[in-house]
Number of protein chains: 2
Amino acid sequence: MHTLSKNQQIIFDIIDKSREPMKAYSILFNVQKKGIKAPLQVYRALDKLVEIGKIHKIESRNAFIACQNSSCQVSKATAFSICESCEKVTEINNSSLSKYLSNFKDKAGMKYSKYNLEFFGLCKKCITK
Amino acid sequence: MHTLSKNQQIIFDIIDKSREPMKAYSILFNVQKKGIKAPLQVYRALDKLVEIGKIHKIESRNAFIACQNSSCQVSKATAFSICESCEKVTEINNSSLSKYLSNFKDKAGMKYSKYNLEFFGLCKKCITK
DNA sequence: TTACATAGTGTTATATTATAACATTTAAAT
DNA sequence: ATTTAAATGTTATAATATAACACTATGTAA
Ligand SMILES: [Zn+2]
Ligand SMILES: [Zn+2]
Ligand SMILES: [Zn+2]
Ligand SMILES: [Zn+2]
């Protein structure tokens with residue numbers, strides 16, 4: 001098991017506490033009182049946390065959320081639902097979906113080791129507005 | 001059918017001719033001889049071209065490729081394979097996959113109008129190296 | 001323990017990606 | 001011809017991310 005370094009722990013904690021995806025410079029702003037002063041300190045921790053699967057990057061939003069599953073540390077297979085109105089992001093944990101995608105083979109013969117899927121739409125709250 | 005404006009056409013042409021995904025500032029550099037001088041002129045054309053489905057953004061790479069299918073203008077459903085070694089990107093056109101994903105329903109009850117999927121791995125060329 | 005290797009930190013500067021704001025022009029619709 | 005919407009040109013600036021270098025902590029193995 002991985003034990004996080006000081007900066008990694010600080011930055012993981014703030015992302016984990018947040019209900020929304022956090023952007024790097026918003027994280028930076030929030031951890032400056034803890035002595036983390038420079039973007040690079042944030043990005044280095046983010047890189048590591050992504051690498052070990054504790055957080056994920058929402059590519060379409062340049063933002064980071066804590067992993068809400070248990071298996072992402074090994075699988076590198078991620079799926080999210082994103083509300084285009086309120087920007088709520090949820091990690092999808094669906095074994096049918098992950099099986100389907102993990103077994104998917106391109107006709108080009110490429111074998112995939114990793115995927116990222118982002119669904120967009122309106123969440124329950126926003127659809128009724 | 002959409003008829004492209006002058007800048008949109010110039011920028012679409014250069015992306016369409018390219019064998020690789022192109023980045024915005026690389027596009028800018030390449031079209032400066034045609035009178036397009038500022039980033040905003042490029043980004044505005046890119047936005048429109050993405051909106052009408054002539055090009056797609058590869059989110060994990062901040063780069064743009066011409067659509068290689070015919071249906072993306074309506075579907076807003078995109079899937080790509082990305083080689084992590086040579087960075088070759090191919091648009092996946094697979095009806096089983098698109099059916100599966102278009103019909104996918106989250107247990108959260110969210111109805112999706114759009115998705116983007118990026119697979120990562122090694123292409124045929126790179127896997128033998 | 002000491003040497004070595006690996007990972008993490010701190011700092012400054014800079015590169016890359018993207019948008020705000022405003023004035024003007026072109027094209028399309030009534 | 002008048003109005004509206006879309007596109008353009010321009011300057012400035014915001015937001016996101018990395019390069020380079022010096023240093024420190026931690027783990028491993030002789
Ligand atoms: Zn996860
Ligand atoms: Zn919502
Ligand atoms: Zn397409
Ligand atoms: Zn390759």
Side-chain angles (χ1 to χ4, degrees), chain A residues 1-15 18 20-65 73 80 82 84 87 89 116 118, chain B residues 1-15 18 20-65 73 80 82 84 87 89 116 118:
Chain A
M1 202 44 206
H2 230 85
T3 154
L4 300 180
S5 75
K6 188 181 118 242
N7 288 1
Q8 288 159 16
Q9 188 69 58
I10 291 170
I11 284 165
F12 175 73
D13 286 344
I14 196 166
I15 295 170
S18 170
E20 307 155 11
M22 290 191 80
K23 303 200 143 217
Y25 276 73
S26 154
I27 293 166
L28 174 59
F29 178 80
N30 278 277
V31 297
Q32 277 178 331
K33 47 195 166 242
K34 304 216 168 170
I36 294 176
K37 290 173 191 161
L40 201 43
Q41 295 174 289
V42 173
Y43 281 104
R44 283 197 284 225
L46 290 173
D47 285 351
K48 190 67 186 187
L49 292 166
V50 166
E51 184 193 325
I52 65 179
K54 299 275 290 179
I55 65 171
H56 303 301
K57 183 173 187 182
I58 309 300
E59 293 286 355
S60 65
R61 300 299 187 261
N62 298 317
F64 301 84
I65 63 168
Q73 305 183 26
F80 305 95
I82 303 172
E84 289 185 295
E87 292 294 325
V89 173
N116 180 56
E118 298 181 2
Chain B
M1 200 48 204
H2 229 85
T3 153
L4 300 181
S5 75
K6 187 180 119 241
N7 288 2
Q8 288 160 15
Q9 188 68 58
I10 290 169
I11 284 165
F12 175 72
D13 286 344
I14 196 165
I15 296 170
S18 169
E20 308 155 10
M22 291 191 79
K23 303 199 143 216
Y25 277 72
S26 155
I27 293 166
L28 174 58
F29 178 80
N30 278 277
V31 296
Q32 278 177 331
K33 47 194 168 244
K34 304 216 169 172
I36 293 176
K37 291 173 190 163
L40 200 43
Q41 296 174 288
V42 173
Y43 280 104
R44 284 197 284 224
L46 290 173
D47 284 352
K48 190 67 184 186
L49 291 166
V50 167
E51 184 193 325
I52 64 179
K54 299 276 289 179
I55 65 170
H56 303 301
K57 182 173 187 182
I58 309 302
E59 293 285 357
S60 65
R61 300 300 187 259
N62 298 317
F64 300 85
I65 64 168
Q73 304 182 29
F80 305 95
I82 303 172
E84 289 186 298
E87 292 294 326
V89 173
N116 180 57
E118 298 181 3

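Convention: sequence-line order gives letters A, B, ...; per-chain numbering from 1. This structure is a prediction, so every number in the text was calculated from the model and none was measured.
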Would you please test A:Asn116 and B:Ser60 for side chain to side chain contact (heavy atoms under 4.5 Å, CB included) and show each step? CA-CA 9 Å; A:Asn116 180 56; B:Ser60 65; over 6 Å; no

Looking at C:dG8, I'd like to know if its phosphate oxygens (OP1 or OP2) sit under 4.0 Å from a side-chain N or O belonging to A:Gln8. yes

For A:Ile10 and C:dT9, give me the distance from atom CD1 to atom C1', rounded to whole Å. 11 Å

Check nucleotides 15-17 of chain D for protein N or O atoms closer than 3.5 Å to its own N or O atoms and list the pairs.
{"from": "D:dT16", "atom 1": "OP1", "to": "A:Lys23", "atom 2": "NZ", "distance (Å)": "2.5"}
{"from": "D:dA17", "atom 1": "OP1", "to": "A:Lys57", "atom 2": "NZ", "distance (Å)": "2.7"}
{"from": "D:dA17", "atom 1": "OP2", "to": "A:Tyr43", "atom 2": "OH", "distance (Å)": "3.1"}
{"from": "D:dA17", "atom 1": "N7", "to": "A:Tyr25", "atom 2": "OH", "distance (Å)": "2.9"}
{"from": "D:dA17", "atom 1": "N6", "to": "A:Tyr25", "atom 2": "OH", "distance (Å)": "3.2"}

Would you check if A:Gln8 and A:Ile52 make a side-chain contact, meaning some heavy-atom pair closer than 4.5 Å? no

Phosphate oxygens OP1/OP2 of C:dT9: is one of them under 4.0 Å from a side-chain N or O of A:Gln41? no

Contact under 4.0 Å: B:Lys6 side-chain N or O vs D:dG9 OP1/OP2: yes

Quick check: closest heavy atoms across A:Val42 and A:Ala24, and the distance to 0.1 Å? CG1-O, 3.8 Å

Would you mind reporting whether A:Ile11 and A:Ile15 have side-chain heavy atoms less than 4.5 Å apart? yes

B:Arg44 side chain near B:Asn7 side chain, heavy-atom distance below 4.5 Å: no

Only one of B:Glu87, B:Glu118, B:Glu20 forms a side chain to side chain donor-acceptor pair (under 3.5 Å) with B:Arg61, so which one is it? B:Glu87

Which letter, B, S or -, goes with each nucleotide of nucleotides 22-30 of chain C from 5' to 3', with contact meaning a protein heavy atom under 4.0 Å? ---------

A:Gln9 has an atom CD; how far is it from atom P of C:dG8, in whole Å? 13 Å

Check whether any side-chain N or O of B:Asn7 sits under 4.0 Å from OP1 or OP2 of D:dA6, and answer yes or no. no

Would you indicate, yes or no, if D:dA6 has its OP1 or OP2 atom less than 4.0 angstrom from a side-chain nitrogen or oxygen of B:Ser5? no

Pairs where residues 31-58 of chain A contributes a residue and the test ring pair (Phe, Tyr, Trp, His ring centres under 6.0 Å) is met, not counting sequence neighbours: A:His56-A:Phe80

